[in-house]
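Notes follow the structure.
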There are 2 protein chains.
Amino acid sequence: MQTGEAVSIVRGDEELLARTSHLFATATEIACAANGLGTWMLTHASEDLDALARARRGHVRVRKVYRPGVLIDPVSAQGLRRVRDRHGAEIRITTDELNETILFDRRLAILAGDLSGGRRSYSVITQSEAVQGITSLYEAVWRSATDLDVYDAGIAEIRELAPRVLDLLGQGVKDEVAARRLGLGVRTYRRRVAELMDALGADSRFQAGVRARELGLV
Amino acid sequence: MQTGEAVSIVRGDEELLARTSHLFATATEIACAANGLGTWMLTHASEDLDALARARRGHVRVRKVYRPGVLIDPVSAQGLRRVRDRHGAEIRITTDELNETILFDRRLAILAGDLSGGRRSYSVITQSEAVQGITSLYEAVWRSATDLDVYDAGIAEIRELAPRVLDLLGQGVKDEVAARRLGLGVRTYRRRVAELMDALGADSRFQAGVRARELGLV
DNA sequence: CCACGGTCGGCAACAAGCTGCCATCGCTGT
DNA sequence: ACAGCGATGGCAGCTTGTTGCCGACCGTGG
């Protein structure tokens, strides 16, 4: 993964860590995008960012874009606010479909691939045109994304009833039954469900179930 | 958790391990029930059973009951067969709703509770009437369950198309679109979906999505 | 060849889910 | 008091999902 190699595939988290951790110490600009919180890049990026924050706060611009699903769970929403407050990270929320991405100084891009054989593969891209292309895509997402606090304010109400709605959805009960159990009309229950599905970025209930599980909401 | 204490609550996997690992070495009868493979009790139970198998094979009866979802993934299905062949474990499949349970010698029962605060709590029950009650429930499930090979033979066809069906379900596409992509009629696609939902024990597509994600199928 | 069993796929009836519409209600501000 | 706004919930039309039915087709065995 040295100069001359435009794209290299790295298999597994450990290898990626070995090859990239120095970047957190040297980069002046780090930009991340992810669907959820439980992924390697953002887990480790947060750990490394802790060290970075202590050592280099003020000298590095950190940006993160997430999907709204991360705000449904109050604990993870709070975690995001902490990251923003502690590290000075700029955090925005987008409803766009995201590929897990991390950019260093507009010079190196890491894209997460699929999980295969129990290990996730990552594309580490250093070729400058490609990095520029990915960066411009990231910037477009960034521009259209909503500031964390603004989005969070809009989602606070959804968050309140979400655990109960998700629990009932996870039990497989019909809307009419679920609504009755919550003391709501069916129309209102379905509104809540639709809001959750929007927040999860899901087009079907199956997909919503997958997403909710991924995010640890059920 | 000594004599006189009928039910004790243990929080977290580490504590449970500390308190129960000796049982794997001394018990002559171990019976487990679970929905999937990725839970502590059965993960560690398998590790401990490895040691047990080497040291005590022939001196301990091991029984496990699972839900059919574990057979959808060919890798985990194979893993089950290996456990059965290597350890002489008797494995059956049930479509009944299961609580994660492990029984030692009809004298001690462990029931998994909910995940709370990031840690799962377990009820460790030594009170004999309660253990008998749980045991009899287990025996009822065991009796009505189907032998691994028999069930597996019935599920082999489902398994074949499952990855593709699950992938499309996970993308949120409509049945008509998914059927077309697979080159099937809608009626047949829906048959495949219904079979998967049965195997997952799901009553709704949301629930199926959750289950599928839990089992690592998507 | 025929009979039988199993699967597929179109069709249709029904249920469940999605969402717009609108009347009603409660709350807030003037 | 009234006006305005937002949320609720019933209703209804539409879409999507569920499942039975049945004819067609294929493979197998006698």
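Proteins get letters first, then strands, A, B, ... in listed order; numbering begins at 1 in each.
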Check whether any side-chain N or O of [X] sits under 3.5 Å from a backbone N or O of [Y] as a donor-acceptor pair, and report yes or no.
X       : Y       : result
Y138(B) : C32(B)  : yes
R106(A) : Q132(A) : no
D73(B)  : L217(B) : no
T20(B)  : L23(B)  : no
R211(A) : L200(A) : yes

Where along residues 157-170 of chain B does a heavy atom fall under 4.0 Å from DNA chain C? none

Would a 4.5 Å heavy-atom cut-off, applied to side chains only, mark [X] and [Y] as touching?
X       : Y       : value
E157(A) : E195(A) : no
R192(B) : L182(B) : no
Y151(B) : T95(B)  : yes

Which heavy atom of P68(B) sits nearest to which heavy atom of A199(B), and what is that distance? CB-O, 3.4 Å

So, using salt bridge (charged side-chain N to carboxylate O under 4.0 Å, His left out) as the criterion, who are the partners of R205(B) when residues are at least two apart? D175(B)

Could you run down nucleotides 14-20 of chain D 5' to 3' and tag each one B, S or - for protein heavy-atom contact under 4.0 Å? --SBBBB

Earliest and latest nucleotide of DNA chain C, 5' to 3', sitting under 4.0 Å from a non-hydrogen atom of chain B? dC8(C) to dC11(C)

Those residues at least two apart in sequence (or on a different chain) that pass side-chain contact (heavy atoms from CB on, under 4.5 Å) with A140(B) are R143(B)

Protein-nucleotides 26-28 of chain D N/O pairs closer than 3.5 Å?
none

Partner of E90(B) by salt bridge (Lys or Arg N to Asp or Glu O under 4.0 Å), out of R84(B), R63(B), R61(B): R61(B)

